[in-house]
Amino acid sequence: MQMYKKFAIADYGRLLTNLFKSPIVMRLSLIWLIISMHMSVFAVGQSITLNKRNVPLANVIKEIKRQSGYNFLYDAAALLEAPNISVGMKNASVTEALNQVFQGLPLTYVIKEKNIIISKRAVPAERERKEIIIQQREVAGRVTDASGQPLEGVTVAIKGTSTATMTNSEGGFRLPLEGTGNVLVFTTIGYESNEVSADSDGPIDVVLTEEISDLEEVVVVGYGTAKKETLTGSVTAVDGAKIAQSPNVNVSSSLAGRLPGLTAVNSSGEPGNDGATLRIRGVNSFGSSDPLIVVDGVPGRSLDRIDPNTIQSVSVLKDASAAIYGAQAANGVILVTTKKGTIGKPSITASFNQGFGRPTRLPEMADAAEYATLLNEIDTYAGQTARYSADEIQLFRDGSDPWNYPNTNWYKEVMKPWSGQNQGNVSVSGGSENILYYVAVTTRGQDGYYYNSGSKYKQHDFRSNVEAKITKDIKLGVNLAGRMEDKNYPTRSAGDIFRMVMRGKPNLPAYWPDGTPGPDIEYGDNPVVVSTDATGYDRTKIYTINSNFRLDINIPWVEGLSVSSTASIDKGINMRKIWQTPWYLYTWDGSRDNNGDPVLLRGKRGFDSPALSQSTEDNQSILLNGIINYETVVSDNHDIKVLAGIEKITGGLDRFSAYRRNFLSSSLDQLFAGATDNYLTNDGSASANARLNYFGRVNYAYKSKYLAEFVWRYQGSYIFDKASRFGFFPGVSLGYVLSEEDFWKDNLAAIPYFKLRASWGQTGYDQVYFDGVLQEFAFLSTYGVGGAGKAYVSGDGATLNPTIFETGVPNVNTTWEKAIQRNIGIDAEFFDRSLLLTADYFDNLRSDILWRRNASIPGSTGMELPPENIGKSGNRGFDFSLSYRSRNNGDFSYEVGLNGGYAKNRIIFWDEVPGRPDYQVTTGKPIPTNPYNPDNDLYYQAIGIFSDEQALADYPHWPGARAGDIMFKDVDGNGTIDANDRVRSPKTNVPTLTGGVTFQANYKGFDLSLLVQGAAGAVNYINTESGEIGNFLKSFYDKRWSPDNIHADGPRAFNRSNEYWRSQRNTYFLHKTDYIRLKNIEVGYTLPASALNQIFLSRLRVYVNTYNLLTFSPDYKDFDPELGAGSGQGYPLQKIVNAGISLTF
Amino acid sequence: MEPLDKFSESAVWQDPSLVKAYVNNIYTGVTTGFGAVMMAAIVDEAHHNQNWNTTPTSNGLVTPSNLLVFGSSDNTFLDEMTWDPSYEKIRACNLFLEKIADVPFDNEAEKDVLTGEVLFLRAFFYQRLVALYGGVPLITKSYTLDDEYTVPRNTFEECIDFIVAACDQAASLLPLTGDKARGLKGSALALKARTLLYAASDLYNTGGEWASGYPNKELIGYTGGNVQERWLAAKNAAKDVIDLGVYALYGGENPATPADATSNFANLFLNNGNEEDIFLVFKDNLRDDHWAAPNPGLFVGPNGWHIWGEDSPQGQFVDRFEMADGTPFSWSNPDQKANPYENRDPRFYATVLYEGSTWRPRPADAAALDPIGIVQVGSYTRPDGSKVPGLDTRQGPIEDWNGGFTGYYLKKFIDPTIDHQYEKQTLPFRRFRYAEILLNYAEACMELGEEEEARTYINKVRARAGMPPVTVGGDVLVAQYRNERAVELAYEEHRFYDVRRWMIPEEAYSMVKGVSVKGDMANDGTISNRTYSLIDVESRAWNPHFYFLPISIDEMNRNPELIQNPLY
């Protein structure tokens, strides 16, 4: 409360100032909001709010139990006999609530301490109950979920009798028993019911499996939640617990295969730098296709670095339902919600994980003898004498003279077999009627692949989510999360290091036989040295604070009306220091000392003296919103929910950087110790942004059968000119629950639930990038400032004159991309609700993509034409999920899921180069791999290898082609091979089909879960730097043409890009990346509760899990199919094996 | 909301210091010659070992859809000389000239000087465009989004007249002395002299026979008028620069010894400005961390110093250096063949690194193999019969793939006091220097038949180099003048234009030659008994369309009024 007051005072000041700047609508809303906040301070009491229509009594009781914290004891039969009821109450006391619930029912209740005992209204029933309790012996036990978490509120009934109770917050229960042969029936909402014999002597521990398709399940949507049952949009969600099953340090990589329609593609496994590129329903635009990420209601927070232990759920809005996020929603929205406490005594959970990572896949390279052979072939083809004799090649092969004829496997020299990573987490969660809390602390560390690795990552997190009821009508929620990231890298980037590992010549030593490091491959780069801290360091420390302050207020005098307000302040500080020091490598000229030992020469490499580059960035983002909610039921059948809100987001950052070199010594890495010479630079910059949004949602449902939703956002973005700054983005969706119709119930009982959905929405995307630059302020005529390296030097070289330049002709009409999202889908449950299907078809249209009209303005104008909103693209496809869960069958239960998505995009309009043949045009074809270089997707068609001179004579060929070269198809049949023979690839680097298979099973204390994930429809170009510059792939060596093997599948040895089939992109090097991989597997064992009682633990689980353990990619074997570049010049993706233990006190 | 990383337009044109910064940026459009691919590599001066499109370019394979080294790329600065980047800077000049009148300067004289600088710069960009493309559209206003953009090419003659007039106007506004990195009276007049010299040359005055059938000869040369008047104008323009009296040949005209002449010629390029310089181009390269930022020491030196061996001198270029007595060098002379690098023009020793020449000390890891720093481009036999590749070859122990192919490396411009694998040199590129003006003057005189005057001025340049005077006349004088120009101004971005305007491209685009060296290496590493033989390095051919660059296909499509250059 204190915190709220402080915040509120400061904040009201700002709100009031804004009143005079904001449009009238916002002003009125704010006034209203402030008044209502003050008024409600006077309300008192505790409350139960319920709005249920025609639901089983058990549902209502469970809800009251959740809201009040009371336990229920009751006669199950009586509850089952009761008819479905409808209740509507707002902030009712427990008594008021119960009175309303039991009104007209043949039931009554008694409150005893924290228990509510329900019984039949008749007096005899009351007496009978008492007798039972007094006379019988007791059975006791504990109920947990698959992961071993205690389940509270489970109904435990004795089969065939009316005796029942509910479990307490530790999952424990106690029941009177009579005789033998009793069977206990365990039921609770959201879980499979289970039957267990009550005859055993000890405590009865029962594991309940979650229902896969609980229509009561609530999913997070924009600015609220929705029940799956009445959901009309295409929304998919996954539990935080599933994400935490992946031992990956980075959350974005853990989403792959979990959510239909969402793809997560990794391009690097480098610790701290391993975020996946997320795409919802593929690529929708040739501008940016990044989805909006919203964490706890705040857009723009990091998904990558959030602690997976603290995630409650992740939802993905795929269609018009995203329109409530307006001009940022066109690529879909990912909503992350963090955990909060539940009523009960404090539950302390501690977990520790120790994992080991290694690359998923490394290319096999030629060895020294093979490389020498290839070099000899290069020499021969160039008309020179071969550089190695057969004897020398033999020496490379047998390794008898490692000083002169080494045979180096660079991958093995640079990388250790396994690299460690670990994670420790402690969380405390609990609460009472008035306060709920969830507090967690996590620390994570990850080591790089290299020996003595210069790459290391550490992260420390805390989160404190507290929700307090201040009065009966006022609830305050405070979420605070802090994070410290510590990224350490060598001064050479991972790209540089792996480029050198790939190029690493097997006939050069990584280390000399005496252990000193060998020579560089180029530029001082010997990867065994530059991957360590021997060259200095590149260290980034990132400090992040995310805060949410949320106030929920019920308006007591209007039933169903509530308001809420959120303020969030996020602050980030980012500090980077690159300390580059000289390093030393050793060369050998063959000379030896008097003992005959080789004499190595030590040479300084990289830098002559230390240099330091240091930068600091300070950024913040502030969000303020106010939301009004109104819910009502009209004439019992019409459910209406209305939400409206305003939101203002402002942000900005300041940067500062400096550089000095020629440090006197490498012992002091502080700027002052560097020289004040001409290399010294410093720099600084800033940016700011702001958005103002009005948004709302209306839900209507008639008898839970006909459903409709309308969402809208009116959004203004600083990126655009005043006149065109605001836009309106509506979304409509409809649902029809056919299974509620009588004709369905009568005829299709095997499908107890069936819903048809359809949606249409218009959203926008204001992150208008062109060629990597956000086109903010494109409407202004501005002059940019030339930075370091761009000054004009005069005054005999001594004066650095600043430069400014016209940044481009303004385009006042610049606006957001517009998207039309259309979706139809079904949700269905079959066969006793054990099989669930959700399927969606979508057709998205994107227009107003910012693109430069190159063909229209001559270069002689000297004008840089601004990009204009001219591009159009389309994207169609489907996604689905299908899951089956075993019916209750004792100790063993399982569930299987299959999900997938298909998306294929096309360009409808952009600036096409005129006069191209049909097979080269882009319009109507998929968006190119790099839209800014669409010709990179044009390939000559490799149709074989010219085996000999005769083959050359028989087919048109490139000028100067010779035997062993790749045969290009004469596509236009004009008898020559030229640029018109290139054909646009129908596939790009984006997979069209993605999916996952999940499997989960429980047997007694054991649990198993699997995720198999795959993608198809993408291609990648394999392009290694080979020849004199670097090594060849072994697969190339094995397949190559040579005079001894003229009917080979592959071309002859080559030097860099000297051959036409190396410099001209062609399909020989283009490979399908289709793959299937075992993304996750987790096996766990939870100790029986009986074993834990003595050690004060309520739960202990040990588990082993893996990430990317196995991969199958038939046409892509040298590199990981997910890794972007086909050059091997990137940090390989991780395979992780992890073991963990989790304790709950 | 206002952007925090930019100035608004209105702020710029009210503030003289921002206007000056704006002009500074226009200066950055004057390219340096110190890119990784030097212009020398696409004419008969150099061969580029990495072949970043230099081989196809040198075979004339540029087309409107593939401009090769002139296409946009981050490896070179050659693309910055072409159409779009030049017009971008021309637009900046036009905008300045439209706005400058209303900018409140405290000192009107300052405004005049800035105006003079911008007029000079605009003329400079147009001269460069005309030299590459022939007649181009003369744009003198800054377009707005609503203008009509299509515009035809102006004739060659109109372009020359425009540039000359702009130079005269600039010269009238600019000071005689001052910062040589900025426009001065002398730089404007030097630009005019170069423009008129080129314009008087054969390529533009012989009716465009090579482009027979091309209907728009007015775009590629003069179609009438008197060539003698043009040579006279060129002569007078050069004389105007000479008569300013503020420039002199560096180091005087009479070095005491050949060694003095050599060090004098080397040092000419190893300072930040001297009496010979007219217009200098520095770059902010120390603070530019892009690998391709000007760093000639790293780009061109021998691989045995851990540097990249690019733009290495061609054999036929090296052979142009006369013997010290002024006679031509020849491989068919057995004495000269046995000791090809003895008694040559003193400038040879300041320009080329060759087998056995001494450069700076080797880096630590190579120092034991060669403590002095003697260039090794050969293959040597040890007493035990084993073969040792030279440190600076493509078979050597250090970065062999960076070795050159010709047996030579460039020494000119490169500061020997710096370890180029770590340090960048900041020496300026000399866009105009006095020796060029003297040679320009001599050429114009020669073409006007004033051979005595021509020889006098050629001999000033030769005397400074420690070379005996030229005494011949007629065609022999022409040949010797051209050789003199090639040697004196090597790698300074003259040869590419000279071989075109003289119309001697077949000579310039032929098989690139190099030298192969064999020798004996004693156990202490000393090399003796060297023998030399000529080798073929790369075949090149002349394609007549390469007299001019093509206008890019995109530009042709955008502006239908353009006419493409001949034979494309």
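Residue numbers begin at 1 in each chain, while the letters A, B, ... track the order of the sequences.
- Taking the side chain as every heavy atom from C-beta outward, B:Val151 and A:Ser860 approach each other to under 4.5 Å.
- At distances below 3.5 Å, not a single donor-acceptor pair connects side-chain atoms of B:Asn559 with backbone N or O atoms of A:Pro858.
- The distance from the CD atom of A:Glu776 to the NZ atom of B:Lys6 is 6.0 Å, given to the nearest 0.5 Å.
- Nearest approach of A:Tyr783 to B:Tyr22, heavy atoms of both residues: CE2-CE1, 3.5 Å.
- The pair A:Lys604-B:Asp419 fails the salt-bridge criterion, with no side-chain N (NZ, NE, NH1 or NH2) lying under 4.0 Å from an Asp/Glu carboxylate O.
- Atom-to-atom distance recorded for A:Glu806:CD and B:Asn25:CG is 10.5 Å, nearest 0.5 angstrom.
- A:Arg605 places a side-chain heavy atom less than 4.5 Å from the side chain of B:Gln421.
- Using a 4.5 Å cut-off on side-chain heavy atoms (C-beta onward), A:Tyr679 and B:Lys424 make contact.
- For the residue pair B:Asp5/A:Ser685, the side-chain donor-acceptor check at 3.5 Å is not satisfied.
- Proximity of B:Gln395 to A:Arg387: side-chain heavy atoms (C-beta onward) are nowhere separated by under 4.5 Å.
- Contact tally against chain A (heavy-atom pairs below 4.5 Å) for B:Leu129, B:Leu4, B:Leu286, B:Asp288: the top residue is B:Leu286.
- Both the backbone and the side chain of A:Phe805 come within contact range of chain B, with heavy atoms under 4.5 Å apart.
- Under the 4.5 Å side-chain criterion, counting only non-hydrogen atoms from C-beta, B:Lys283 is not in contact with A:Tyr792.
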